[in-house]
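Presented below is the structure to which this report refers.
Numbers here are sequence positions counted from 1.
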Amino acid sequence: MTATPAGMAVRRRRRTRLAALCLLVGLACAVALVICVARLPVPAYDEVRNNYRTSYITLLDRDGAVLERVRRDYHDRRDNWTPLTEVSPALINAVLLSEDRRFYRHMGVDVLALAGSLRDRLIHRSVRGSSTLTMQLAGMLERDKRQFGRRTPLQKIRQMGQALALELHWNKSQILEAYLNMVPWRGELSGITATARSLFGKYPSGLDSRESAILAAMLRAPNALPSTVAKRACGILKMQSQAQYCDYLAGFTEYHLMHTSSTLQDDPFAASHFARRRLALDMPRQEQIGTSIDGQLQRTVQTIVNRVAHQIRRSHANDAAAVVLDNRTGHILAYVGSSGDLATARYVDNATAMRQAGSTLKPFLYAQALEQRRITAASLLDDSAVNLPTGNGLYVPQNYDKQFGGWVSARTALASSLNIPAVRLLVMVSPDVFHQRLLQLGLPLSESGDYYGYSLALGSADVTLLSLTNAYRALANRGVYSDVDWGIGAAPAVSRIMSEQAAWLVGDMLSDRQARARTFGLDSALSTPFWTAVKTGTSKDMRDNWTVGWSERYTVGVWVGNSTGASMREVSGVTGAGPVWHDIMRYLHRAQPSHPPAMPTGLAQSDITFENNLEAARTEYFLPGTEMSRIALASSAAAPASGRMVIRTPADGTIIALDPDIPADNQRLQLLTTTPAGGRHATVRWYVDGRFLSDANPFAWYPVPGSHLIEARDDNDQTQDRVRVNIRGAQLRPQLGQQP
């Protein structure tokens with residue numbers, strides 16, 4: 001039987017009434033369930049705001065200003081919570097148009113949107129979103145918000161109930177503000193602040209209509225293709241009657257989604273190396289921590305380092321670092337780990353990198369020798385050629401200028417940074433004893449004193465700029481040492497490492513411009529218009545250049561070189577690190593002078609003169625029992641005019657291996673004596689194992705296998721010096737007519 005048109009219309013009306021009835025029953029049930037769960041407890045706005053945590057720790061300088069931000073959470077990138085008043089109105093409008101047009105007219109659940117969604121499911125079998133911003137926020141606040149897939153009907157109903165509860169306890173501004181700060185946006189980005197900074201390099205307050213439309217378009221599908229995002233954003237702009245911004249929107253969107261960043265031009269980033277070092281020592285729970293860094297000083301030191309690094313780049317020096325410490329507290333006032341954009345490796349922290357110390361260890365050696373009363377500041381030290389036997393062969397130190405000065409006072413030798421007197425001094429103190437002193441001063445020496453040997457006097461050990469600067473702070477504090485104070489826990493323990501008198505004497509010697517003039521001249525980067533004590537150092541092959549010194553209140557250390565370890569060219573303490581140190585000191589004391597420290601009790605003051613005017617007469621300071629007024633060489637009255645006789649070659653303990661395949665005449669061993677000042681004697685009587693050999697100087701001897709005692713005797717047949725050598729190998733046979 002064929003249905004009539006009237007019958008078909010009746011059946012359609014019945015189905016429509018049945019669908020409407022089901023819809024009303026469903027809505028009624030949903031509303032009833034929602035009312036039941038609306039009483040569920042929800043967190044207070046203040047609780048949510050206070051529990052919000054950024055992905056960064058903010059370090060503040062000593063005045064409370066932002067110094068540096070360091071990321072600590074790599075699950076999400078969340079930035080600071082941004083109040084709604086600091087969010088662009090264009091973004092708010094775009095988000096509401098895209099996600100919740102009736103946000104200000106519903107109570108958490110948009111009934112019209114929900115009914116339309118149910119109708120589409122029942123009749124058109126299509127899916128349309130109906131979640132309001134409040135419902136989405138309720139989902140973010142749930143503990144199980146990280147579940148995968150779509151929510152079940154029961155979960156959806158619970159979410160609606162929580163949204164109603166939120167609307168009862170929060171106002172619309174609080175809901176919208178929390179939503180914008182907590183919503184996941186794209187990839188790891190969470191919240192409007194991190195997203196705006198990363199994608200567009202600006203704060204939320206500066207977003208324009210086009211940028212806001214792009215961000216709003218990403219909320220439905222945060223990781224959609226740039227072309228899809230641009231299409232949705234264009235639709236939002238058209239709804240805002242700003243279709244003109246759709247031009248070139250696809251390219252604009254693709255560029256910003258593919259070129260993300262986490263920095264802004266106005267970010268401080270003034271102490272990145274310090275921040276990472278500080279957090280490596282202790283990761284705090286709080287989002288902000290105070291530091292001892294002087295923000296203005298930090299930026300000034302960075303500027304000085306960058307300027308000088310630029311000036312010396314022609315000398316193949318690209319990297320630099322500087323540290324400023326407070327003498328009394330040990331607080332770090334400035335910490336610059338690299339020369340920024342000029343550096344070969346800007347992320348390398350050169351303030352804590354291990355580098356060869358060069359001559360910067362000499363002040364500690366002189367202080368130890370003064371304490372042991374081996375020398376005074378006026379003692380004469382021999383600046384002449386020296387060969388020291390070691391386990392690896394002969395150690396032949398040289399001065400920086402490759403010249404010898406003969407006899408010089410300890411004051412001049414230290415202030416002018418002469419190498420050979422320092423090595424002779426270490427022979428007296430011994431490498432092991434000196435090594436122990438350096439360990440007490442916090443220097444990170446990894447080997448024993450015997451490993452470094454006599455080269456330790458010239459800084460063959462690796463140290464860090466920070467530890468070296470802090471060791472100099474012990475000199476500034478009259479021999480009292482404490483670790484650097486990072487502001488973590490209690491203040492570091494204090495201990496006396498060297499005597500107050502010895503530390504003061506070293507400071508007085510390093511501040512003496514006249515004593516320094518021998519090497520550096522009277523006017524150099526080491527000279528300041530106020531009191532300072534300073535020492536330079538250059539490591540082997542010019543890989544590292546140092547200047548470290550102190551004033552009445554501050555200790556400043558500077559390193560210049562290359563992070564790669566490459567050698568510099570024609571860079572010294574007064575042309576590399578010296579100018580940086582000088583400018584930092586001038587800035588630190590721009591408003592207050594630095595006064596010389598008062599002489600401690602226990603020191604005697606005396607006017608002295610030198611025999612043969614070796615040095616100018618002056619006032620000198622002595623430890624009790626070491627005072628003198630006339631400085632003369634002990635052997636000056638008895639020694640011949642030519643001076644004391646010293647065997648220069650061979651060195652004591654030399655081992656020589658003879659090769660039978662090399663002509664004997666090419667394997668002669670040269671015997672040579674010199675004066676302590678390097679002059680050669682005209683004649684000398686050579687004896688080997690008590691048998692007279694020759695009176696020529698030098699003399700080429702055919703070595704004989706075995707252990708031999710070589711003596712140098714004067715005209716009175718008195719032994720002046722002796723060495724023992726060990727000859728190994730076959731007997732050499734001189735050619736006919738040659739003398740053995």
Tell me, do [X] and [Y] make a side-chain contact under 4.5 Å, heavy atoms counted?
X      : Y      : result
Arg553 : Leu588 : no
Asp383 : Pro421 : yes
Leu279 : Ile289 : yes
Val336 : Gln298 : yes
Lys535 : Val548 : no
Leu333 : Leu325 : no
Arg630 : Phe610 : no
Ile375 : Tyr366 : yes

If only side-chain N and O atoms count, and only distance matters, is there a donor-acceptor pair under 3.5 Å linking [Y] with [X]?
X      : Y      : value
His582 : Thr528 : no
Gln288 : Thr58  : no
Asn350 : Ser338 : no
Thr412 : Ser416 : no
Arg618 : Ser409 : yes
Asn470 : Ser467 : no
Asn306 : Ser339 : no
Asp462 : Gln356 : no

Test ring pair (Phe, Tyr, Trp, His ring centres under 6.0 Å) applied to His589 and Tyr554, step by step: CA-CA 9 Å; His589 290 282; Tyr554 309 102; 5.4 Å; yes
side-chain contact (heavy atoms from CB on, under 4.5 Å) evaluation trace for Ile488 with Arg278: CA-CA 9 Å; Ile488 304 173; Arg278 165 64 179 81; 3.5 Å; yes
Pi-cation contact, Phe520 with Arg516 (under 6.0 Å, within 45°): no
Trp504 and Tyr621 aromatic ring geometry - parallel, tilted or perpendicular at 30°/60° bounds: perpendicular
Just by modelled atom types, is the [Y] backbone N or O under 3.5 Å from a matching donor or acceptor in the [X] side chain?
X      : Y      : answer
Ser539 : Gly358 : no
Ser567 : Asp541 : yes
Arg543 : Gly565 : yes
Glu552 : Pro597 : no
Asn477 : Asn327 : yes
Glu68  : Ala275 : no
Arg586 : Asp583 : no
Ser524 : Leu526 : yes
Arg299 : Asp294 : no
Glu620 : Thr376 : no

Derivation and outcome, side-chain contact (heavy atoms from CB on, under 4.5 Å), residues Leu603 and Phe622: CA-CA 6 Å; Leu603 285 179; Phe622 300 89; over 6 Å; no
To the nearest 0.5 Å, what is the distance between [atom1] on [X] and [atom2] on [Y]?
X      : Y      : atom1 : atom2 : answer
Leu418 : Lys362 : CG    : NZ    : 6.5 Å
Arg355 : Asp319 : CZ    : CG    : 7.5 Å
Met498 : Tyr481 : CE    : OH    : 11.0 Å

Verdict with reasoning, Thr619 to Asp607, per side-chain hydrogen bond (donor to acceptor under 3.5 Å, both in side chains): CA-CA 4 Å; Thr619 299; Asp607 293 331; 2.8 Å; yes
All side-chain hydrogen bond (donor to acceptor under 3.5 Å, both in side chains) counterparts of His273, not counting sequence neighbours: none
Verdict with reasoning, Glu615 to Arg518, per salt bridge (charged side-chain N to carboxylate O under 4.0 Å, His left out): CA-CA 11 Å; Glu615 292 190 10; Arg518 183 189 187 103; 5.5 Å; no
